[in-house]
Amino acid sequence: MPHLAIEYSANLEGRADIGVLCERLLKTVLGTGLFEIGAVRVRAFRAEHYAIADKLPENAFVDLNFRIGKGRTDEEKKRTGEAIFAAAIDVLGPLFDTPHFALSLEIREIDAELSWKKNAIHPRLRGK
């Protein structure tokens with residue numbers, strides 16, 4: 001159940017390729033070897049309305065929220081977070097050339113007793 005949600009300010013349109021960011025982060029998550037391919041989701045949500053810091057119109061943000069199931073060590077979670085953050089910086093790097101961009105990442109563990117799922121993709125990818 002690794003789901004990576006990308007929330008970003010609408011003023012990044014034309015300044016960042018969010019599709020490339022999604023592809024790169026999917027590749028990065030799978031590259032950790034900790035998550036089954038059929039479970040990984042990366043999706044982006046454009047925030048039309050926002051207020052950032054001193055409200056300059058050029059202020060922009062990308063917030064990454066990675067929700068995962070339990071079962072990974074603290075070291076594995078830290079390594080995963082570092083890989084995701086580095087990949088995001090690589091894609092979004094030019095935005096840091098100005099003093100108007102903020103990037104954040106949080107990893108959250110999901111309580112299995114309070115999470116329901118049904119996935120038809122797993123059997124297909126597992127060859128069943």
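Every heavy atom of this structure was used, including side-chain atoms; hydrogens, water molecules and symmetry mates were not. Numbers for residues simply follow the sequence, beginning at 1.
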Ile6 and Asn65: CA distance, side-chain angles, deciding distance, side-chain contact (heavy atoms from CB on, under 4.5 Å) verdict: CA-CA 7 Å; Ile6 303 165; Asn65 182 2; over 6 Å; no

Contact summary for Leu105 and Gly81, nearest pair of heavy atoms: CD2-O, 3.3 Å

Heavy atoms of other groups near Ile37 CD1, more than 12 under 6.0 Å: no

CA sep, side-chain torsions, deciding dist, call: Ile68, Glu109, side-chain contact (heavy atoms from CB on, under 4.5 Å): CA-CA 5 Å; Ile68 62 173; Glu109 281 189 332; 4.2 Å; yes

Minimum-distance pair of heavy atoms, taken over all atoms of Ala88 and Leu25: N-CD2, 4.0 Å

Nearest heavy atoms of Ile18 and Ala44, plus distance in Å: CG2-CB, 3.5 Å

Summary of salt bridge (Lys or Arg N to Asp or Glu O under 4.0 Å) pairs that have at least one residue in residues 1-21, sequence neighbours excluded: Glu13-Arg46

For Thr28 against Ile84, the heavy-atom pair lying closest together: CG2-N, 3.9 Å

Non-hydrogen atoms of Ser9 and Ile52 that approach each other most closely: CB-CD1, 4.4 Å

Electrostatic pair Arg126-Glu36, nearest N-O below 4.0 angstrom: yes

ring-ring contact (aromatic ring centres under 6.0 Å, His included) contacts touching residues 9-32 (sequence neighbours left out): none

Side-chain cluster (under 4.5 Å, hydrophobic types only) that Leu56 belongs to, other residues: none

Nearest-0.5 Å distance, CZ of residue Arg41 to CZ of residue Arg67: 10.5 Å

Validation row: Leu103, Leu95 side chains within 4.5 angstrom (heavy atoms): no

Donor-acceptor under 3.5 Å (Arg72 side chain, Leu34 main chain): yes

Asp90 CG to Arg24 CZ distance, which is reported to the nearest 0.5 Å: 4.0 Å

Pro57 versus Asn11, closest heavy-atom pair with distance: O-ND2, 3.0 Å

Interatomic spacing from CD in Glu82 to CZ in Arg79 - rounded to 0.5 Å: 9.5 Å

Counterpart residues, salt bridge (Lys or Arg N to Asp or Glu O under 4.0 Å), relative to Asp74 (two or more places apart): Lys77

Any pair counted as ring-ring contact (aromatic ring centres under 6.0 Å, His included), so long as it reaches residues 79-106, sequence neighbours left out: Phe96-Phe101

Of all pairs that satisfy ring-ring contact (aromatic ring centres under 6.0 Å, His included), the ones with a partner from residues 39-79, not counting sequence neighbours: Phe35-Phe66

